[in-house]
Each structure stands twice: as structure tokens, then as C-alpha cells.
Number of protein chains: 2
Amino acid sequence: MLKIGELASKTGLTAHTIRYYEKNGLINASQRSEVGYRCYNESDVRQAEFVRTARRIGFSIADVAALLSIRVDKTNHTCQDVTEITQRKLKDVSEKITELRSMQKTLQILLNSCSGGPENAYHCSIMEALDASNSQAVRGRA
Amino acid sequence: MLKIGELASKTGLTAHTIRYYEKNGLINASQRSEVGYRCYNESDVRQAEFVRTARRIGFSIADVAALLSIRVDKTNHTCQDVTEITQRKLKDVSEKITELRSMQKTLQILLNSCSGGPENAYHCSIMEALDASNSQAVRGRA
DNA sequence: GTTGACCTTAGAGTTTACTCTAAGCTTATA
DNA sequence: TATAAGCTTAGAGTAAACTCTAAGGTCAAC
């Protein structure tokens, strides 16, 4: 039976985070010591590791809660339930990537257009591009 | 001279957002009407458009504030000042993309491993992968 | 027997960028 | 003239996921 600090170092979470997850129903201590300390058994530890793994992959806390509810009652859930969550997350991630790539491209174009040197910014082409909202560099995201 | 609602529809921001930007020093109305309405002249409008453009590209509010301080005093700032901000932002964006790509890859591996069918989740390989923290799919992000 | 590390709780604070509300005045339209 | 749309302010609420604080109890070691 581990105390919270031990679970923390075992999982790489902080004790604060573990209590926060508990408040959100992701992790629980199946027992308390006589003085009220949280005690985690092997099954609790596995659940905590599940949570940490899922969070690390990018699932939100709500996603993890959904995955856990499947995990504790696998026979009443289908693979489809699981893949739905995963697919939705993949879609989110992919959309975010598309958006960021567009930003990346724009920023790179801006950087390419400017010397970046010590001369004053009076004719800086980045500033000019930002000033002209009809500029080529920026129009990509309109 | 535009009122806030007119500036809003011209820039695609909301009046709420414009006031919020004002509070953060990004946009200001160089005049007020007799009854206290904000009045924006051409220069104010250009600044608002600058802000909107820079935000759209992905600059944070702090970034935009920095760019504006250069904008209003170009002769005392260098191209280097501008490219530094842009480069830092490009680095942020690129790092975020790397992180998300890794998530994307992991999620795709999970999806590929699972049928996603209506059978129950007892042997769902996604759940198994999340349970086994030493799984191949997940280890990539450790 | 006292220091220091660890545990408890409730609850507030952080970050970013809005978004909305309430209460009230102004302006345009019918 | 009534109604609706628009403007004002200060300040609260939202989202996500922590992160920290205060005030206090517990435990192992020197």
C-alpha cells in the first residue's frame, strides 16, 4: 500500500495532481490509514498509470473519465466505444496541427522577407506585412 | 470616425473583444463622443487591423503589445527586434506541432490496432495498450 | 524532543483570451 | 412616443488543467 507521495514518484505525477485527479474521479485510494492518509493498492496504482498514460497521449480529463468507465466495465462496452473517443481525439489533434502549420508557414514567410539586421525597423518587411492586412503572407489564413 | 460596433464589423472582432484589447493596451480610441462613446479614426482602425492580423497569425497578446511598441516608434527599434519576436513564436509553433504529431502518431497506432467493431471491449487492444504502460505505441512519448 | 518531511482539507490562484452580465444611458426607427 | 439597438462601466464567468496556500496533524530520525 503506497502513500500519495510514493504513488506520485511512482507515476511521475505530483501529489497535488493526484488529489486533483481524485476530485475529478480519475484516481482513487481504496483505503485510508488510521489517521486518514490515502493508501493505494496495486489496482489503484494500475489505474493511476492508466490515467497518466492516457493523459500523456493527449486525452483530456473528460476523455480519460470516459475511458475509465469503459475500463471498469469492459463487458458492457464495445471496441467501437473506445475507438470513437480515440477517433475524436485524433481529429482534434489533426485539426490543431493543420492550424499550426498554417501559422508556421506564415511566420516563416515573414521571417524570410526580413533581414533581421540591426538597421532600424522603419522599413521592416514584417511590420509592413502586418500593417497591410491584404498582404500575401497573411491572406492564407483569412 | 467609427463607433465601436462599426469597428467591430469592420475588423471582425466583437465590441467586447475590442474593449478587452483596449484594457490590454492593444487598441485605443483617440476620441470620445460627447456622451462618452468611443470614436475611432483611420489611424485607430489601422492599428486595430494590425492587431487582428497579428493575433490571427498566432502572436499572443503580449507579442502584439511588443510589436505595437515597435510600430509606434520604428526608428528606435531594429529589424532584429521584430524578427526575435517572430522567431520565438515560430519556435513555439514548431514545438507544438512536434508534440501534436507525436500524439497523432500514437493515436493512429492505437486505432490501427483495434477493430472498432461492436464486440465487447474485453480484449480491446486500445484499452490493453493504455493499460500496459510499457506498450510500444505509448513508449514513443515517454 | 525537536526538526523536517510528509500528510490532511478547503479553497484560492494561475494562464490565456476572451465572453458575458447587470444596470443604465443614447440614438435611430416606426 | 415607444421600442429596439447600441453604447457605457465594473466586474464576474468560462475553459482546461493544474498549482499553490494556509493551517494543522503525523511520523521517522537524530
Side-chain angles (χ1 to χ4, degrees), chain A residues 1-40 44 48 51-68 85 88-89 92-93 95-96 99-100 103, chain B residues 1-40 44 48 51-68 85 88-89 92-93 95-96 99-100 103:
Chain A
M1 296 292 255
L2 305 182
K3 281 186 289 181
I4 196 166
E6 292 162 337
L7 181 63
S9 50
K10 183 148 191 169
T11 57
L13 303 168
T14 69
H16 276 304
T17 300
I18 291 170
R19 290 194 201 94
Y20 171 76
Y21 284 173
E22 180 182 296
K23 210 164 57 184
N24 285 269
L26 301 191
I27 287 178
N28 81 310
S30 45
Q31 260 189 269
R32 290 287 180 130
S33 79
E34 284 178 7
V35 296
Y37 287 14
R38 288 165 179 81
C39 297
Y40 299 92
D44 296 334
V51 170
R52 181 217 48 189
T53 301
R55 286 287 301 121
R56 195 174 279 175
I57 288 169
F59 288 107
S60 69
I61 284 184
D63 290 333
V64 178
L67 290 169
L68 282 172
I85 296 170
R88 187 162 35 68
K89 182 55 54 182
D92 290 351
V93 168
E95 283 170 4
K96 200 88 200 167
E99 193 184 340
L100 286 170
M103 287 184 198
Chain B
M1 296 292 256
L2 305 181
K3 281 187 289 181
I4 196 167
E6 293 161 337
L7 181 63
S9 50
K10 184 147 191 171
T11 56
L13 303 168
T14 69
H16 276 305
T17 301
I18 291 170
R19 290 195 201 93
Y20 170 75
Y21 283 174
E22 179 182 296
K23 210 163 56 184
N24 285 269
L26 301 191
I27 286 178
N28 82 309
S30 46
Q31 259 189 271
R32 290 287 180 130
S33 79
E34 285 177 9
V35 297
Y37 287 13
R38 289 165 178 82
C39 296
Y40 301 93
D44 297 334
V51 169
R52 180 216 50 191
T53 302
R55 286 286 302 122
R56 196 173 277 170
I57 288 170
F59 288 106
S60 69
I61 285 185
D63 289 334
V64 178
L67 289 170
L68 281 172
I85 296 169
R88 185 164 35 68
K89 183 54 53 178
D92 290 352
V93 167
E95 282 170 5
K96 199 86 201 168
E99 190 184 340
L100 287 170
M103 287 183 198

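In what follows, every chain begins at residue 1, and chains take the letters A, B, ... in the order their sequences are listed.
Residue pairs meeting the side chain to side chain donor-acceptor pair (under 3.5 Å) criterion with at least one member in residues 3-14 of chain B, sequence neighbours excluded, are T14(B)-T17(B). Screening residues 28-37 of chain A for side chain to side chain donor-acceptor pair (under 3.5 Å), with sequence neighbours left out, gives S30(A)-N41(A), S30(A)-D44(A).
For E22(B) and dA17(C), the CD to C1' distance is 16 Å, given to the nearest whole Å. Atoms CG (N24(B)) and P (dA17(C)) sit 9 Å apart, rounded to a whole Å. Put simply, CD on E34(B) is 18 Å from P on dC25(C), counting in whole angstrom units. Separating the CD1 atom of I57(B) from the P atom of dA17(C) is a distance of 15 Å, rounded to the nearest angstrom. Computed from coordinates, the L2(A) CG to dC6(C) P distance equals 15 Å when rounded to whole Å. Straight-line distance from the CZ atom of R32(A) to the C1' atom of dT8(C): 8 Å, rounded to whole Å. In this structure, the CZ atom of R19(B) is 12 Å from the P atom of dG6(D), given to the nearest Å.
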Q: Do nucleotides 15-30 of chain D as a string where each nucleotide becomes B, S or -: B if the base has a protein heavy atom under 4.0 Å, S if just the sugar-phosphate does, - if no protein is that close.
A: --BBBBB---BBS---
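Considering all non-hydrogen atoms of both residues, C39(A) and M1(A) come closest at CB-CE, 3.9 Å. The heavy-atom pair separating G25(A) from L68(A) by the smallest distance is O-CD1, 4.3 Å.
Looking at heavy-atom distances under 4.0 Å, R38(B) makes contact with sugar-phosphate atoms alone, never a base.
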**Q.** Intermediate values then yes/no, side chain to side chain contact (heavy atoms under 4.5 Å, CB included), N24(B) and V64(B)
**A.** CA-CA 10 Å; N24(B) 285 269; V64(B) 178; over 6 Å; no
Q: Evaluate the side chain to side chain contact (heavy atoms under 4.5 Å, CB included) criterion for residues L13(B) and I27(B): first the C-alpha distance (whole Å), next the side-chain angles of each, then the deciding distance (0.1 Å), finally the verdict.
A: CA-CA 12 Å; L13(B) 303 168; I27(B) 286 178; 4.1 Å; yes
